[in-house]
Every structure is written in C-alpha cells, then in structure tokens.
Amino acid sequence: MKKTVLEDIGLLVLRLGAGGMILTHGYPKLMRLIGDDPIKFMDFLGIGPVVSLTLAVFAEFICGILVVIGFKTRLATIPLIITMLTAAFVAHASDPFGRKELPLLYFTVFFCILIFGAGKYSLDGLSDRKSMYYGG
C-alpha cells in the first residue's frame, strides 16, 4: 500500500520529535559515562553499572540519532523499546504511574515507528527510492 505525503510528513515529525527528545536523556548519560565521576546506574541484569549505562547510552543516544536521521530506523527502535520498557517496569517498578508515563509514551512512539518505518523523508526512504531506480 502506498503512503501519502501527509503520512510521510507525520512519520518525519514523529521521528524528529521522539528521536530528538530521547537525545535529551541520552546525552547526559553519555557525559556521565565518559566523565571522571564513579558510575552509579541501575544494574538489573547483574552485568555491572558501567555496562548497563553503556547499553542505555547506546539506545538513547546512538539509536536516538539513527531515528532522527532515519537510518536503519526499524532496527534502531528495538534497543529504544527495550530500554523504555526496562525504565517503566524495572527502574520505576515501585513508582506511581506518573513516573512510568514518560517511558511508556516513548515506548508507544518507538513501537509505532518500528511498525510503520521511517517514511519517505529519511535516509531509509532515500535508499528505498534508489533501489527502485537501480533495481536493488
């Protein structure tokens, strides 16, 4: 089924909004990871706070950038989805719903991006158009 221009604009706005906003959570974590202070971070898998923080930085910063530019977008949403579910149901398990609401909202948006893709106005969309012209 062919997408309309408005659907592609909607996906662009969704990607730029969610990807850009998740970067505001990932960048401080990146600074904490490369900073000189001892790392304190939730270690729910028992792999250590440094590895746990590194995984969160990968999801919220690296994958956030990938979502913004629309490159390997569906793949990039998977670590984000896992991280948001972990934040909601592990890190904030005993917190009231209001504390879980933001990661659940991010989960919802990234899940929709996983299902619908990046849209035409993305690097993924550009490569789809190139393959259409070059038979790839």
Quick check for you: to the nearest 0.5 Å, what is the distance between [X] atom [atom1] and [Y] atom [atom2]?
{"X": "L11", "Y": "K120", "atom1": "CG", "atom2": "NZ", "result": "11.5 Å"}
{"X": "I62", "Y": "L80", "atom1": "CD1", "atom2": "CG", "result": "11.0 Å"}
{"X": "F116", "Y": "I113", "atom1": "CZ", "atom2": "CD1", "result": "11.0 Å"}
{"X": "T108", "Y": "I81", "atom1": "OG1", "atom2": "CD1", "result": "9.5 Å"}
{"X": "E101", "Y": "Y106", "atom1": "CD", "atom2": "OH", "result": "12.5 Å"}
{"X": "L75", "Y": "L66", "atom1": "CG", "atom2": "CG", "result": "8.5 Å"}

So, do [X] and [Y] sit near enough that their side-chain heavy atoms are less than 4.5 Å apart?
{"X": "P79", "Y": "F58", "answer": "yes"}
{"X": "T4", "Y": "D8", "answer": "no"}
{"X": "M84", "Y": "K100", "answer": "no"}
{"X": "M42", "Y": "T86", "answer": "yes"}
{"X": "F107", "Y": "T83", "answer": "no"}
{"X": "F110", "Y": "I22", "answer": "yes"}
{"X": "S52", "Y": "I47", "answer": "yes"}

Would the distance check show the side chain of [X] and the main-chain N or O of [Y] forming a donor-acceptor pair, the cut-off being under 3.5 Å?
{"X": "D95", "Y": "R99", "answer": "no"}
{"X": "D124", "Y": "K72", "answer": "yes"}
{"X": "R32", "Y": "I39", "answer": "no"}
{"X": "E60", "Y": "V57", "answer": "no"}
{"X": "T73", "Y": "G70", "answer": "yes"}

Intermediate values then yes/no, side-chain contact (heavy atoms from CB on, under 4.5 Å), I78 and I82: CA-CA 6 Å; I78 295 169; I82 292 167; 4.0 Å; yes
For S122 against A118, the heavy-atom pair lying closest together: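 Heavy atoms only, the tightest pair is OG-CB, 3.3 Å.
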Other residues, nucleotides, ligands: >12 heavy atoms within 6.0 Å of F41 CZ: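 More than 12 within 6.0 Å, yes.
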Qualifying residues under side-chain contact (heavy atoms from CB on, under 4.5 Å), relative to L23, sequence neighbours excluded: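 L23 satisfies side-chain contact (heavy atoms from CB on, under 4.5 Å) with F61, I65, V68 once adjacent residues are dropped.
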Full working for side-chain contact (heavy atoms from CB on, under 4.5 Å) between L53 and K29: CA-CA 7 Å; L53 180 58; K29 288 178 178 82; 3.8 Å; yes
